[in-house]
Amino acid sequence: PLFRSSGWEVEEGSVFDDSFVADVGPSEEPDGKLGLKCSSLTFRSVGGGVVSREIIVGNIRSALIKRPGGEFAFDPLPSAMAKYFQIDHAKGAVDAGQRKTISISFHPDDNCLDSDFISASTLLTLRGEKVQQYRVVFRGIVKSPLLNLN
């Protein structure tokens with residue numbers, strides 16, 4: 001999982017597009033400013049196409065402890081980065097024992113140069129028995145398609 005704590009689990013889901021190279025790395029290192037756990041998702045677009053990834057937010061059901069469901073929310077991205085990264089279902093509720101799939105897409109434009117990274121960071125807030133926050137960093141890169149001269 002990207003994050004697992006106090007009744008919640010957040011993990012990488014299946015991929016919609018093959019033009020990425022997996023580079024999801026949960027970090028136990030706290031985020032310097034806020035002391036938050038941090039994870040990143042890297043999107044690699046070949047030739048400037050849209051790349052989508054999924055993450056799954058789950059609310060863990062326990063046979064020992066009766067837990068209510070909870071809510072999750074991603075903070076809005078800064079407007080300069082929102083044109084590159086789109087989060088579908090950025091807010092929602094998850095019943096105990098259930099999971100919700102969230103799609104995140106990278107939409108490079110013509111200004112994205114080959115091998116330049118576009119980065120955006122947001123907070124993921126999980127509200128259940130207690131409130132937890134995690135920093136999620138989205139990194140997008142555009143690669144030129146390989147040419148076959150044969």
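Model, not experiment: these values are computed from the prediction. One-based numbering along the sequence shown.
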**Student:** One pair to check against side-chain contact (heavy atoms from CB on, under 4.5 Å): F74 and L123. What are the steps and the verdict?
**Tutor:** CA-CA 6 Å; F74 286 90; L123 289 178; over 6 Å; no
**Student:** Quick one: closest heavy-atom pair of I102 and H89, and the distance?
**Tutor:**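 Scanning both residues completely, I find the closest heavy atoms to be CG1-O, 3.8 Å.
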**Student:** I'd like to know whether T125 forms a side-chain hydrogen bond (donor to acceptor under 3.5 Å, both in side chains) with Q133, so could you lay out the CA-CA distance, the side-chain angles of the two residues, the decisive distance to 0.1 Å, and finally the verdict.
**Tutor:** CA-CA 4 Å; T125 302; Q133 288 190 309; 3.0 Å; yes
**Student:** Which residue pairs pass the salt bridge (charged side-chain N to carboxylate O under 4.0 Å, His left out) test when at least one of the two sits in residues 92-104, sequence neighbours left out?
**Tutor:**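 Applying salt bridge (charged side-chain N to carboxylate O under 4.0 Å, His left out) to every pair that reaches into residues 92-104, excluding sequence neighbours, yields E11-R99.
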**Student:** So, does R127 use its side chain to make a donor-acceptor pair with the main chain of Q132 at under 3.5 Å?
**Tutor:** no
**Student:** Mind listing the closest non-hydrogen atom pair of M81 and S119 along with its distance?
**Tutor:**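 Residues M81 and S119, closest heavy atoms: SD-O, 3.0 Å.
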**Student:** Can you sort out the partners of F106 under ring-ring contact (aromatic ring centres under 6.0 Å, His included), two or more places apart, ordered by chain and number?
**Tutor:**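 Partners of F106 under the ring-ring contact (aromatic ring centres under 6.0 Å, His included) test: F85.
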**Student:** Taking the side chain as every heavy atom from C-beta outward, state whether I104 and F43 have any pair of such atoms under 4.5 Å apart.
**Tutor:** yes
**Student:** More than 12 foreign heavy atoms under 6.0 Å from CG of D109: is that the case here?
**Tutor:**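 Atom CG in D109 is packed in, count exceeds 12.
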**Student:** Taking all non-hydrogen atoms of both residues, which atom of S103 and which atom of S52 are closest, and how far apart?
**Tutor:** OG-CB, 4.3 Å
**Student:** Partners of V137 by side-chain contact (heavy atoms from CB on, under 4.5 Å), sequence neighbours excluded?
**Tutor:** C38, S40, S121, R135, R139
**Student:** Nearest 0.5 Å, please: how far is OG in S39 from CZ in F138?
**Tutor:**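 The CZ atom of F138 sits 10.0 Å away from the OG atom of S39.
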**Student:** How far does CD1 of I55 sit from CD1 of I87, to the nearest 0.5 angstrom?
**Tutor:**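 Between I55 CD1 and I87 CD1, I get 8.0 Å after rounding to 0.5 Å.
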**Student:** If we ignore hydrogens and angles and just use 3.5 Å, is the side chain of T122 paired with the main-chain N or O of D75 as donor and acceptor?
**Tutor:**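 The answer is yes, because a donor-acceptor pair under 3.5 Å joins these two groups.
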**Student:** Scan V50, V51, I118 and name whichever one has a side chain to side chain contact (heavy atoms under 4.5 Å, CB included) with H107.
**Tutor:**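 Considering V50, V51, I118, a side chain to side chain contact (heavy atoms under 4.5 Å, CB included) with H107 is found only for V50.
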